[in-house]
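First up is the structure itself, then whatever we jot down about it.
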Amino acid sequence: MSVILEIKNIDKHFGGIHVANHVSISVKKGEMSAIIGPNGAGKTTFFNLITGFIPSDDGTVIYEDQDITSEKPEKIVKLGMVRAFQVSSLFLEETVFDNVYLAALSNFRKNAKIFADRMAFKDAREHAGFILDKIGLSHCKDLKASELSHGDTKILDIAIALTLNPKILLLDEPTAGMAPDERIKMMHLLKELHEYFQLTTIFIEHDMDIVFGIAEIIRVLVQGQLIAEGPPDYIRQHETVIEAYLGKEVL
Ligand SMILES: Nc1ncnc2c1ncn2[C@@H]1O[C@H](COP(=O)(O)OP(=O)(O)O)[C@@H](O)[C@H]1O
Ligand SMILES: [Mg+2]
């Protein structure tokens with residue numbers, strides 16, 4: 001597998017806190033990976049650094065052989081590195097379908113100037129319908145977004161991210177606040193979408209059943225430092241990781 005994302009020596013301080021400590025990561029195309037670590041370890045900040053939301057103090061981000069270190073978030077999204085739960089603000093009084101349709105339409109209009117507007121409307125409707133079907137929300141497409149359960153709202157957020165045609169999908173705690181059955185549903189959905197859309201998926205997650213259930217590679221951040229990375233079996237037995245984060249119960 002070829003490398004799609006190469007992060008070299010990303011460094012960031014917030015005042016006195018070293019929130020990214022020379023982090024280097026190489027992500028292969030098609031990889032399903034998780035980032036784990038204690039609260040305040042710098043996981044969300046890491047996403048912010050690589051997606052252009054906040055500038056790094058040092059280091060480079062290479063995406064598909066292109067240096068995107070200083071690019072703006074909109075440009076990075078356009079290149080195909082897309083974040084769910086950050087790209088969207090849902091229109092709660094609009095229907096589920098219209099939320100996805102409006103996102104698809106705005107994307108079609110931005111990217112395909114050659115299309116006549118009427119064409120964009122039609123394509124966006126079809127694209128929205130297709131994504132809702134793939135994500136399993138077709139049955140509630142006519143509900144208002146505000147009427148969805150917490151779990152389905154998160155799924156709608158992912159649907160909106162998918163309208164942007166991601167190559168890399170970044171998810172920050174996709175199961176946060178969910179009931180156990182919703183978590184399992186989300187885990188299966190992430191795996192299905194990953195395979196169907198041939199994504200490279202990177203998710204931050206606290207639920208170790210999900211992390212060890214679907215991640216091929218797990219990276220552990222503690223106090224801004226990448227202390228370990230590797231497949232689940234390696235991470236599960238890693239002394240420092242057990243001490244710093246996992247505890248004994250995962251053994
Ligand atoms: N914009 C910011 N300005 C200053 N400090 C920040 C900012 N964002 C996060 N932090 C601090 O950086 C550290 C890492 O935060 P964060 O990346 O949110 O951790 P995690 O997602 O792993 O829980 C925390 O100590 C947090 O308070
Ligand atoms: Mg966080």
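Whatever order the structure lists them in is the order used to number ligands and atoms, beginning at 1.
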Donor-acceptor pair, distance only, cut-off 3.5 Å: does the side chain of His206 make one with the backbone of Asn39? no
May I ask you to list the atoms of ligand 1 that are less than 4.0 angstrom from any heavy atom of Ala41? 19 (O), 20 (P), 22 (O)
Give me the residue, atom name and distance of the protein heavy atom closest to atom 19 (O) of ligand 1. Gly42 N, 3.2 Å
Ligand 1 versus Ile17, non-hydrogen atoms closer than 4.0 Å: side chain, backbone, both, neither? side chain
Suppose we measure from atom 12 (O) of ligand 1 to each protein heavy atom; which comes out shortest, and what is that distance? Val19 CG2, 3.3 Å
Does NZ or CZ of Arg83 fall inside the cone over Phe53's six-membered ring, less than 6.0 Å from its centre and within 45° of the axis? yes
Heavy-atom nearest neighbour in the protein, as seen from atom 18 (O) of ligand 1, with distance rounded to 0.1 Å: Thr44 CB, 3.8 Å
Is there an N/O/S atom in Thr44 that lies less than 2.8 Å from the Mg ion (ligand 2)? yes
Protein heavy atom at shortest distance from atom 8 (N) of ligand 1: Phe14 CE1, 3.5 Å
closest protein heavy atom to atom 15 (O) of ligand 1 is Thr45 OG1, 3.8 Å
Are there protein heavy-atom neighbours of atom 26 (C) of ligand 1 below 4.0 Å? no
Ionic contact status for Glu173 with Arg183, cut-off 4.0 Å: no
Counting only heavy atoms not in Glu216, do more than 12 fall under 6.0 Å of its CD? yes
Regarding Glu126 and Lys122, does a basic nitrogen lie under 4.0 Å from an acidic carboxylate oxygen? yes
Is the closest basic N to carboxylate O distance between Arg236 and Asp233 below 4.0 Å? yes
Charged N to carboxylate O under 4.0 angstrom, Asp152 versus Lys185? yes
Nearest option to atom 20 (P) of ligand 1, as decided by whichever heavy atom of Gly40, Gly37, Ala20 sits closest: Gly40
Under 4.0 Å from a heavy atom of Asn39: give me the atoms of ligand 1 that qualify, with their elements. 23 (O)
Distance-only side-chain donor-acceptor flag, Asp11 / His18, under 3.5 Å: yes
